[in-house]
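In what follows, chains carry the letters A, B, and so on, assigned in the order in which the sequence lines appear, proteins first and then strands, with residues in each chain numbered from 1.
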Protein chains: 2
Amino acid sequence: MARTSTVVRVHSAVLELAAERGPTALTMEGIAARAGVGKQTLYRSWPGIPALLFDALLATGGEPSAPGTADDLPGQLEQMLKAAITEISAEPHASLLRAISAIIQTDESVARDYRERLLEPQLAHVHAVLAAGGSLDPPRAAELLLAPIFYRWFMRLPPLSGPELHRHVHDVLDLIGGTAGG
Amino acid sequence: MARTSTVVRVHSAVLELAAERGPTALTMEGIAARAGVGKQTLYRSWPGIPALLFDALLATGGEPSAPGTADDLPGQLEQMLKAAITEISAEPHASLLRAISAIIQTDESVARDYRERLLEPQLAHVHAVLAAGGSLDPPRAAELLLAPIFYRWFMRLPPLSGPELHRHVHDVLDLIGGTAGG
DNA sequence: ACCAAACGAGACGATGCGTCTCGTTTGTGC
DNA sequence: GCACAAACGAGACGCATCGTCTCGTTTGGT
């Protein structure tokens, strides 16, 4: 009579270990022990660590903010990017993403999974807002908006401050939203 | 009567393993074996893998291109960034940087070393060219120029194509070089 | 109440870490 | 030339983790 399902216990173990002991504690053995589960049970449900981490991450499913109106495009983008910065900087997300990002550097197939399951949805969300705002080239604008955020996170530099983010959004909109030349 | 110095043999081993077997082959044991050297000799000269990889990378010391004239600022930047893209995409550099980038994600002190020894010199080089060209805010322009390049490399997306890079440079110069508002 | 499937636990060999202990080479002072 | 100490190549060691495997033990369906 399992009070809690195995999957939930495993996801909880992953999130707890990430928050309490950081990305390097996210091992199959450590997760199994913390979840009170056999290693074989983990391997039965997930092919390896990356898949398990992706699932634990997505199970926390922070739904992105509502589609919103076309009013105040810069404000909407700023809010959305601010939320993204906060999310990648706070535990347990930060440690989960660090662990995944490390693996991405040495495993191309995990990179593909990351792009498809995490990056592209985020880009699509920005696309949608930009397109609703009449941007000329949403994919490019989305990349320009997000690239410095990821760059700083990867390099472990301080994230864009409020004013920096404000200016960044307006600059990209100026560039792509209307006045840019080919 | 050592024909070749230990340091040179170790560096060669690192570069060979990186090029032939990829980032995951860059282990202390593998490097020692390939170099025909004892592990203790490695630990005597370097505190760990990251320091060893940094040294091997910097020993290949591709000197950046000449300072150049202030003419054709966009062309100069484009050439410089194109060189950077090529360098991070070609072996053995690519595998060395992948291995280091993976460690950066889980070791803050290695991230600091990376920024100081590799990132900041590169940024400074771009700063210098921008400043000579009369840019209003060289540090910010340099970050905007480099961020998408690193972003794509980290995410293992295809690098900026020639035309994309051309446009990118001109866009950032338009934005920062003169017409941008606060 | 039975049985098969799934389970927790952990042993196993492989690999890498960082430390340590061997003999052996090497180069310097005499 | 010789002797000695420092540095060396080699690899054993204990630890951690991987992914596979083998145990009894639960557990859920009939």
Side-chain angles (χ1 to χ4, degrees), chain A residues 1-14 16-18 20-56 95-96 98-110 113, chain B residues 1-14 16-18 20-56 95-96 98-110 113:
Chain A
M1 211 179 269
R3 265 283 154 68
T4 319
S5 89
T6 295
V7 170
V8 170
R9 289 202 306 175
V10 170
H11 283 171
S12 299
V14 169
E16 288 166 18
L17 284 172
E20 294 169 16
R21 307 170 117 280
T24 59
L26 296 171
T27 67
M28 285 305 231
E29 307 221 328
I31 292 163
R34 168 69 79 118
V37 138
K39 287 166 66 177
Q40 197 62 16
T41 300
L42 295 185
Y43 284 105
R44 207 176 288 124
S45 302
W46 296 275
I49 284 232
L52 174 48
L53 299 187
F54 278 129
D55 279 5
S95 286
L96 252 346
R98 290 282 173 209
I100 293 172
S101 297
I103 300 169
I104 282 177
Q105 300 307 313
T106 54
D107 188 331
E108 169 66 47
S109 71
V110 175
D113 283 351
Chain B
M1 215 177 270
R3 265 284 154 67
T4 318
S5 87
T6 295
V7 170
V8 170
R9 290 201 308 176
V10 170
H11 283 171
S12 300
V14 169
E16 289 166 18
L17 284 172
E20 294 169 17
R21 307 171 117 279
T24 59
L26 297 172
T27 67
M28 285 305 233
E29 307 222 328
I31 292 163
R34 168 69 78 120
V37 138
K39 288 166 66 177
Q40 196 61 242
T41 299
L42 294 186
Y43 284 104
R44 208 176 287 124
S45 301
W46 295 276
I49 284 232
L52 174 48
L53 298 186
F54 278 129
D55 279 7
S95 287
L96 252 344
R98 290 283 173 208
I100 292 171
S101 297
I103 300 169
I104 282 177
Q105 300 308 312
T106 54
D107 188 331
E108 170 67 46
S109 72
V110 174
D113 283 352

A:Ile49 CD1 to D:dA16 C1', in whole Å, measures 13 Å
If the test is side chain to side chain contact (heavy atoms under 4.5 Å, CB included), which one of A:Thr24, A:Ile31, A:Thr27 qualifies with A:Leu17?
A:Ile31
What is the distance, to the nearest angstrom, from the CG atom on B:Leu52 to the C1' atom on C:dG16?
15 Å
Which pairs count as salt bridge (Lys or Arg N to Asp or Glu O under 4.0 Å) when at least one residue sits in residues 21-33 of chain A, sequence neighbours excluded?
A:Glu29-A:Lys39
Give me the atom names and distance for the closest heavy-atom approach of B:Leu52 to B:Met28.
CD2-SD, 4.0 Å
Quick one: OG1 on B:Thr41 to CH2 on B:Trp46, what's the gap to the nearest 0.5 Å?
9.5 Å
How close or far is atom C1' of D:dC18 from atom CG of A:Leu42, stated in whole angstroms?
13 Å
A:Leu26 CG - D:dT17 P separation (whole Å):
11 Å
Given A:Pro50, which partner from the list A:Ile104, A:Asp55, A:Ile103 fulfils the side chain to side chain contact (heavy atoms under 4.5 Å, CB included) test?
A:Ile103
Minimum-distance pair of heavy atoms, taken over all atoms of A:Ser95 and A:Gly22:
OG-CA, 3.6 Å
Atom CE of A:Met28 to atom C1' of D:dA16: distance rounded to whole Å?
16 Å
Can you check the A:Trp46 CH2 to D:dT20 C1' distance for me, whole Å?
18 Å
For A:Glu29 and D:dC21, give me the distance from atom CD to atom P, rounded to whole Å.
16 Å
Can you give me the N/O atom pairs linking the protein to nucleotides 7-10 of chain D at distances under 3.5 Å, or say none if there are none?
residue : atom : partner : partner atom : Å
D:dC8   : OP2  : B:Arg44 : NH1          : 2.5
D:dG9   : OP1  : B:Arg9  : NH2          : 3.2
D:dG9   : OP2  : B:Gly38 : N            : 3.3
D:dG9   : OP2  : B:Thr41 : OG1          : 2.7

Can you tell me the distance, in whole Å, between the OH atom of A:Tyr43 and the P atom of D:dT17?
12 Å
